[in-house]
Amino acid sequence: MGYLMISEFGLSELFNSRSGWGTNEGLIISILAHRNAAQRKLIRETYAKTYGEDLLKVLDKELTSDFERLVHLWTLDSAERDAFLANEATKKWTSSNQVLVEIACTRSSEQLFSGRKAYHALYKKSLEEDVAHHTTGDFRKLLLPLVSSYRYEGDEVNLTLAKTEAKLLHEKISKKAYNDDDFIRILATRSRAQITATLNHYKDEFGKDINKDLKADPKDEFLALLRATVKCLIRPEKYFEKVVRLAINRQGTDEGALSRVVATRSEVDLKIVADEYQRRNSVPLERAIVKDTTGDYEKMLVALLGQDGA
(Lines give C-alpha, C1' and ligand atoms only; values in the text may rest on other atoms or scores of the structure.)
Protein backbone atom coordinates (compact mmCIF):
# COMPACT_ATOMS: atom_id res chain seq x y z
CA MET A 1 0.00 0.00 0.00
CA GLY A 2 2.87 2.37 0.79
CA TYR A 3 4.29 1.89 -2.72
CA LEU A 4 0.89 2.51 -4.33
CA MET A 5 0.47 5.59 -2.19
CA ILE A 6 3.83 7.02 -3.26
CA SER A 7 3.12 6.25 -6.90
CA GLU A 8 -0.45 7.56 -6.85
CA PHE A 9 0.40 10.92 -5.34
CA GLY A 10 3.65 11.35 -7.28
CA LEU A 11 5.62 11.43 -4.06
CA SER A 12 8.61 9.38 -5.13
CA GLU A 13 10.52 12.44 -6.32
CA LEU A 14 9.84 14.25 -3.08
CA PHE A 15 10.67 11.27 -0.89
CA ASN A 16 13.82 10.44 -2.85
CA SER A 17 15.06 14.01 -2.52
CA ARG A 18 14.32 14.27 1.19
CA SER A 19 17.95 14.91 2.02
CA GLY A 20 17.78 18.21 0.19
CA TRP A 21 14.27 19.51 0.63
CA GLY A 22 15.52 23.00 1.30
CA THR A 23 15.81 23.44 -2.46
CA ASN A 24 12.50 21.75 -3.31
CA GLU A 25 9.92 24.13 -1.86
CA GLY A 26 8.05 24.20 -5.16
CA LEU A 27 7.72 20.42 -5.08
CA ILE A 28 6.41 20.55 -1.50
CA ILE A 29 3.81 23.15 -2.49
CA SER A 30 2.70 21.22 -5.57
CA ILE A 31 2.19 18.03 -3.54
CA LEU A 32 1.07 19.01 -0.04
CA ALA A 33 -0.99 22.10 -0.90
CA HIS A 34 -3.24 20.08 -3.18
CA ARG A 35 -4.03 17.14 -0.88
CA ASN A 36 -7.01 16.93 1.42
CA ALA A 37 -6.79 16.08 5.11
CA ALA A 38 -7.17 12.32 4.61
CA GLN A 39 -4.51 12.28 1.89
CA ARG A 40 -2.09 14.34 3.97
CA LYS A 41 -2.55 11.92 6.85
CA LEU A 42 -1.77 8.98 4.54
CA ILE A 43 1.29 10.78 3.24
CA ARG A 44 2.61 11.21 6.79
CA GLU A 45 1.87 7.57 7.66
CA THR A 46 3.48 6.29 4.47
CA TYR A 47 6.55 8.43 4.99
CA ALA A 48 6.95 7.16 8.56
CA LYS A 49 6.63 3.53 7.43
CA THR A 50 9.01 4.01 4.50
CA TYR A 51 11.75 6.02 6.19
CA GLY A 52 11.15 5.60 9.92
CA GLU A 53 10.91 9.35 10.41
CA ASP A 54 8.15 11.83 11.15
CA LEU A 55 7.58 13.89 8.01
CA LEU A 56 6.83 16.99 10.08
CA LYS A 57 10.14 16.80 11.92
CA VAL A 58 12.00 16.44 8.63
CA LEU A 59 10.15 19.41 7.14
CA ASP A 60 10.91 21.50 10.22
CA LYS A 61 14.62 20.81 9.76
CA GLU A 62 14.62 21.68 6.08
CA LEU A 63 12.25 24.61 5.79
CA THR A 64 12.49 28.02 7.40
CA SER A 65 10.46 30.99 8.57
CA ASP A 66 6.86 31.71 7.60
CA PHE A 67 6.76 29.14 4.80
CA GLU A 68 7.85 26.36 7.15
CA ARG A 69 5.25 27.31 9.75
CA LEU A 70 2.48 27.35 7.15
CA VAL A 71 3.51 23.93 5.77
CA HIS A 72 3.73 22.59 9.32
CA LEU A 73 0.24 23.81 10.24
CA TRP A 74 -1.25 22.54 7.00
CA THR A 75 0.31 19.09 7.30
CA LEU A 76 -0.93 18.55 10.84
CA ASP A 77 -4.16 16.67 11.43
CA SER A 78 -6.86 19.24 12.31
CA ALA A 79 -7.12 18.07 15.93
CA GLU A 80 -3.32 18.13 16.34
CA ARG A 81 -3.25 21.56 14.74
CA ASP A 82 -5.78 22.92 17.22
CA ALA A 83 -3.86 21.37 20.10
CA PHE A 84 -0.60 22.87 18.81
CA LEU A 85 -2.12 26.34 18.40
CA ALA A 86 -3.85 26.16 21.78
CA ASN A 87 -0.64 25.10 23.53
CA GLU A 88 1.24 27.92 21.85
CA ALA A 89 -1.49 30.36 22.89
CA THR A 90 -1.37 29.29 26.54
CA LYS A 91 2.43 29.51 26.70
CA LYS A 92 2.48 32.96 25.06
CA TRP A 93 -0.82 34.10 26.51
CA THR A 94 -1.62 37.78 26.85
CA SER A 95 -5.01 39.33 27.51
CA SER A 96 -5.23 40.40 23.86
CA ASN A 97 -4.71 36.84 22.57
CA GLN A 98 -7.95 35.57 21.03
CA VAL A 99 -6.69 32.23 19.64
CA LEU A 100 -8.24 30.18 22.45
CA VAL A 101 -11.64 31.80 21.87
CA GLU A 102 -11.20 31.19 18.14
CA ILE A 103 -10.60 27.47 18.66
CA ALA A 104 -13.29 27.05 21.32
CA CYS A 105 -16.03 28.89 19.45
CA THR A 106 -15.55 28.18 15.74
CA ARG A 107 -15.13 24.40 15.98
CA SER A 108 -17.96 21.91 16.32
CA SER A 109 -18.36 20.15 19.66
CA GLU A 110 -16.72 17.01 18.26
CA GLN A 111 -13.85 18.98 16.75
CA LEU A 112 -13.18 20.78 20.03
CA PHE A 113 -13.36 17.47 21.90
CA SER A 114 -10.91 15.92 19.40
CA GLY A 115 -8.58 18.88 19.90
CA ARG A 116 -8.65 18.34 23.66
CA LYS A 117 -7.86 14.65 23.21
CA ALA A 118 -4.98 15.51 20.87
CA TYR A 119 -3.73 17.92 23.53
CA HIS A 120 -3.62 15.05 26.03
CA ALA A 121 -1.65 12.89 23.61
CA LEU A 122 0.83 15.59 22.58
CA TYR A 123 1.47 17.38 25.88
CA LYS A 124 0.59 14.76 28.54
CA LYS A 125 -1.78 17.15 30.30
CA SER A 126 -5.13 18.75 29.60
CA LEU A 127 -5.88 21.96 27.74
CA GLU A 128 -8.14 22.95 30.62
CA GLU A 129 -5.34 22.77 33.20
CA ASP A 130 -3.00 24.83 31.01
CA VAL A 131 -5.66 27.46 30.40
CA ALA A 132 -6.37 27.61 34.13
CA HIS A 133 -2.65 27.85 34.92
CA HIS A 134 -1.74 30.55 32.40
CA THR A 135 -4.78 32.84 32.70
CA THR A 136 -6.20 34.82 35.59
CA GLY A 137 -9.28 36.67 36.77
CA ASP A 138 -12.11 37.35 34.33
CA PHE A 139 -10.11 35.91 31.44
CA ARG A 140 -9.84 32.55 33.18
CA LYS A 141 -13.50 32.76 34.16
CA LEU A 142 -14.48 33.05 30.48
CA LEU A 143 -11.85 30.92 28.74
CA LEU A 144 -12.01 27.84 30.96
CA PRO A 145 -15.70 27.05 30.33
CA LEU A 146 -15.31 27.94 26.64
CA VAL A 147 -12.52 25.41 26.01
CA SER A 148 -14.33 22.83 28.18
CA SER A 149 -17.65 23.20 26.36
CA TYR A 150 -19.53 20.52 24.44
CA ARG A 151 -22.44 22.39 22.89
CA TYR A 152 -25.59 20.88 21.48
CA GLU A 153 -25.32 21.04 17.67
CA GLY A 154 -28.99 20.80 16.72
CA ASP A 155 -31.22 23.50 15.22
CA GLU A 156 -33.91 23.40 17.91
CA VAL A 157 -34.51 26.76 19.59
CA ASN A 158 -36.46 27.74 22.70
CA LEU A 159 -37.83 31.20 21.85
CA THR A 160 -39.12 31.83 25.36
CA LEU A 161 -35.66 31.14 26.74
CA ALA A 162 -34.12 33.34 24.02
CA LYS A 163 -36.28 36.30 25.12
CA THR A 164 -35.52 35.70 28.81
CA GLU A 165 -31.78 35.43 28.27
CA ALA A 166 -31.67 38.40 25.89
CA LYS A 167 -33.19 40.49 28.68
CA LEU A 168 -30.70 39.05 31.19
CA LEU A 169 -27.75 39.86 28.91
CA HIS A 170 -29.02 43.41 28.44
CA GLU A 171 -29.43 43.91 32.19
CA LYS A 172 -25.90 42.70 32.89
CA ILE A 173 -24.42 44.90 30.17
CA SER A 174 -26.39 47.90 31.46
CA LYS A 175 -24.83 47.32 34.87
CA LYS A 176 -21.40 46.66 33.29
CA ALA A 177 -21.48 43.23 34.95
CA TYR A 178 -19.58 41.70 32.04
CA ASN A 179 -18.08 38.94 34.19
CA ASP A 180 -21.42 37.86 35.63
CA ASP A 181 -21.77 34.08 36.04
CA ASP A 182 -24.99 33.86 34.02
CA PHE A 183 -23.62 36.09 31.27
CA ILE A 184 -20.66 33.76 30.82
CA ARG A 185 -22.80 30.64 31.25
CA ILE A 186 -25.00 31.62 28.31
CA LEU A 187 -22.05 32.26 25.99
CA ALA A 188 -20.18 29.14 27.11
CA THR A 189 -22.96 26.54 27.08
CA ARG A 190 -25.84 27.42 24.77
CA SER A 191 -25.97 25.98 21.25
CA ARG A 192 -25.13 28.27 18.35
CA ALA A 193 -28.75 28.15 17.21
CA GLN A 194 -29.96 29.17 20.68
CA ILE A 195 -27.39 31.95 21.02
CA THR A 196 -28.28 33.25 17.55
CA ALA A 197 -31.97 33.36 18.52
CA THR A 198 -31.12 35.11 21.79
CA LEU A 199 -28.94 37.74 20.11
CA ASN A 200 -31.47 38.31 17.32
CA HIS A 201 -34.09 39.02 20.00
CA TYR A 202 -31.58 41.25 21.80
CA LYS A 203 -31.22 43.39 18.69
CA ASP A 204 -34.95 43.48 17.98
CA GLU A 205 -35.85 44.34 21.58
CA PHE A 206 -33.08 46.78 22.45
CA GLY A 207 -32.24 48.23 19.03
CA LYS A 208 -28.55 47.36 18.95
CA ASP A 209 -26.28 44.48 18.08
CA ILE A 210 -24.89 43.14 21.37
CA ASN A 211 -21.32 43.70 20.20
CA LYS A 212 -22.00 47.43 19.89
CA ASP A 213 -23.10 47.45 23.51
CA LEU A 214 -19.91 45.54 24.39
CA LYS A 215 -17.81 48.41 22.99
CA ALA A 216 -18.40 50.67 25.99
CA ASP A 217 -14.64 50.80 26.45
CA PRO A 218 -12.85 49.94 23.17
CA LYS A 219 -9.54 49.54 25.04
CA ASP A 220 -10.92 46.99 27.52
CA GLU A 221 -9.36 43.67 26.48
CA PHE A 222 -11.92 41.55 28.34
CA LEU A 223 -14.71 43.24 26.39
CA ALA A 224 -12.74 42.60 23.20
CA LEU A 225 -12.59 38.91 24.15
CA LEU A 226 -16.35 38.86 24.76
CA ARG A 227 -16.95 40.45 21.35
CA ALA A 228 -14.67 37.87 19.73
CA THR A 229 -16.62 35.11 21.49
CA VAL A 230 -19.93 36.38 20.10
CA LYS A 231 -18.55 36.86 16.59
CA CYS A 232 -16.86 33.44 16.51
CA LEU A 233 -20.08 31.76 17.62
CA ILE A 234 -22.53 33.40 15.23
CA ARG A 235 -20.54 35.11 12.44
CA PRO A 236 -17.19 33.32 12.13
CA GLU A 237 -16.62 34.55 8.56
CA LYS A 238 -16.71 38.16 9.83
CA TYR A 239 -14.34 37.29 12.66
CA PHE A 240 -11.80 35.63 10.35
CA GLU A 241 -12.11 38.40 7.76
CA LYS A 242 -11.13 40.91 10.43
CA VAL A 243 -8.19 38.79 11.58
CA VAL A 244 -6.92 38.56 7.99
CA ARG A 245 -7.55 42.25 7.30
CA LEU A 246 -5.64 43.35 10.39
CA ALA A 247 -2.86 40.86 9.62
CA ILE A 248 -2.40 42.29 6.13
CA ASN A 249 -3.01 45.97 6.88
CA ARG A 250 -0.79 46.35 9.92
CA GLN A 251 2.69 47.85 9.69
CA GLY A 252 4.54 44.69 8.71
CA THR A 253 2.35 41.68 7.98
CA ASP A 254 1.26 39.50 10.93
CA GLU A 255 2.27 36.26 9.22
CA GLY A 256 1.35 34.19 12.26
CA ALA A 257 -2.28 35.26 12.15
CA LEU A 258 -2.47 35.03 8.36
CA SER A 259 -0.98 31.53 8.32
CA ARG A 260 -3.27 30.36 11.12
CA VAL A 261 -6.46 31.48 9.39
CA VAL A 262 -5.48 30.14 5.97
CA ALA A 263 -4.32 26.76 7.34
CA THR A 264 -7.27 26.22 9.68
CA ARG A 265 -10.06 27.50 7.40
CA SER A 266 -8.90 26.32 3.97
CA GLU A 267 -10.98 23.14 4.14
CA VAL A 268 -13.82 24.76 6.06
CA ASP A 269 -14.97 28.21 4.96
CA LEU A 270 -12.01 30.12 3.53
CA LYS A 271 -13.89 30.90 0.33
CA ILE A 272 -16.67 32.48 2.43
CA VAL A 273 -14.05 34.44 4.38
CA ALA A 274 -12.49 35.55 1.07
CA ASP A 275 -15.91 36.68 -0.20
CA GLU A 276 -16.44 38.64 3.02
CA TYR A 277 -12.97 40.17 2.62
CA GLN A 278 -13.75 41.34 -0.91
CA ARG A 279 -17.13 42.70 0.18
CA ARG A 280 -15.54 44.58 3.08
CA ASN A 281 -12.41 45.83 1.32
CA SER A 282 -13.33 45.90 -2.41
CA VAL A 283 -10.15 43.90 -3.13
CA PRO A 284 -9.91 40.13 -3.75
CA LEU A 285 -8.15 38.39 -0.86
CA GLU A 286 -5.77 36.64 -3.24
CA ARG A 287 -4.64 39.97 -4.66
CA ALA A 288 -4.11 41.38 -1.16
CA ILE A 289 -2.03 38.34 -0.19
CA VAL A 290 0.09 38.53 -3.35
CA LYS A 291 0.73 42.23 -2.73
CA ASP A 292 1.68 41.70 0.90
CA THR A 293 3.75 38.48 0.82
CA THR A 294 6.56 37.04 -1.28
CA GLY A 295 8.24 33.88 -2.48
CA ASP A 296 7.26 30.36 -1.49
CA TYR A 297 5.19 31.65 1.43
CA GLU A 298 3.04 33.62 -0.98
CA LYS A 299 2.71 30.64 -3.35
CA MET A 300 1.64 28.31 -0.54
CA LEU A 301 -0.95 30.81 0.73
CA VAL A 302 -2.41 31.26 -2.74
CA ALA A 303 -2.51 27.49 -3.30
CA LEU A 304 -4.40 26.96 -0.03
CA LEU A 305 -6.74 29.81 -0.87
CA GLY A 306 -7.75 27.78 -3.93
CA GLN A 307 -8.68 24.68 -1.92
CA ASP A 308 -12.24 23.55 -2.51
CA GLY A 309 -13.20 22.85 1.09
CA ALA A 310 -15.78 25.55 1.71
Side-chain angles (χ1 to χ4, degrees), residues 9-37 39-41 43-44 47 53-78 80-81 84-85 88-89 92 99 102 240-278 280-310:
F9 290 151
L11 299 179
S12 55
E13 185 181 353
L14 178 61
F15 283 11
N16 290 337
S17 65
R18 70 190 191 283
S19 59
W21 281 6
T23 58
N24 283 281
E25 287 88 346
L27 194 59
I28 291 169
I29 294 169
S30 68
I31 293 173
L32 291 180
H34 302 286
R35 307 296 172 213
N36 63 32
Q39 291 168 334
R40 295 194 306 276
K41 183 178 180 181
I43 288 171
R44 283 182 66 188
Y47 190 92
E53 294 180 276
D54 185 339
L55 177 60
L56 283 173
K57 290 182 179 179
V58 175
L59 286 172
D60 285 348
K61 290 177 187 175
E62 293 288 341
L63 307 175
T64 58
S65 67
D66 302 317
F67 176 61
E68 174 258 307
R69 178 176 173 81
L70 180 57
V71 171
H72 180 99
L73 288 175
W74 177 242
T75 308
L76 282 168
D77 168 84
S78 60
E80 289 178 317
R81 185 192 301 134
F84 173 81
L85 289 168
E88 192 174 65
K92 299 178 180 179
V99 175
E102 184 178 305
F240 287 115
E241 183 280 327
K242 184 177 181 181
V243 173
V244 169
R245 171 164 37 92
L246 294 179
I248 290 175
N249 292 349
R250 63 174 284 174
Q251 187 72 27
T253 309
D254 183 351
E255 289 87 356
L258 183 58
S259 296
R260 185 181 77 250
V261 173
V262 170
T264 59
R265 308 313 291 181
S266 181
E267 294 176 296
V268 183
D269 59 1
L270 190 56
K271 281 188 169 57
I272 299 172
V273 174
D275 289 344
E276 179 65 20
Y277 184 92
Q278 181 157 359
R280 176 73 168 67
N281 303 281
S282 302
V283 176
L285 179 55
E286 181 175 337
R287 187 187 302 170
I289 286 175
V290 168
K291 181 181 178 182
D292 214 54
T293 59
T294 59
D296 296 312
Y297 179 57
E298 172 206 318
K299 293 174 186 174
M300 186 74 177
L301 286 168
V302 170
L304 295 185
L305 196 61
Q307 280 285 320
D308 196 20

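Residue L304 comes nearest to A33 through the heavy atom pair CD2-O, 3.9 Å, listed as atom of the first residue, atom of the second, then distance. In terms of heavy atoms, F67 sits closest to D296 at CD1-O, 3.6 Å. Closest non-hydrogen pair, R81 versus T264, comes out as CD-CG2, 3.5 Å. Heavy-atom minimum distance, I31 versus R35: O-CG, 2.9 Å.
Ionic pairing of E88 and R260 is not present here: no N-O contact between side-chain nitrogen and carboxylate oxygen is shorter than 4.0 angstrom. By the 4.0 Å N-to-carboxylate-O rule, R245 lies close enough to E241 to be salt-bridged with it.
Under the 3.5 Å distance criterion, the side-chain polar atoms of R69 are left unmatched by any main-chain donor or acceptor of G256. Distance alone, capped at 3.5 Å, is enough to place a donor-acceptor pair between the Q39 side chain and the N36 backbone. Using modelled atom types, no side-chain atom of N281 and backbone atom of V283 make a donor-acceptor pair closer than 3.5 Å. Distance alone, capped at 3.5 Å, places no donor-acceptor pair between the N24 side chain and the L27 backbone.
Of the inter-residue distances, the one linking I43 atom CD1 with T75 atom OG1 reads 8.5 Å to the nearest 0.5 angstrom. Here CG of L76 is found 7.0 Å from CZ of F84. Values are rounded to the nearest 0.5 Å. In this structure, CG in L59 is found 10.5 Å from CD in E53, a value given to the nearest 0.5 Å.
Listed by chain and residue number, D60, L63, H72 satisfy the side chain to side chain contact (heavy atoms under 4.5 Å, CB included) test with E68 (two or more places apart in sequence, or in another chain).
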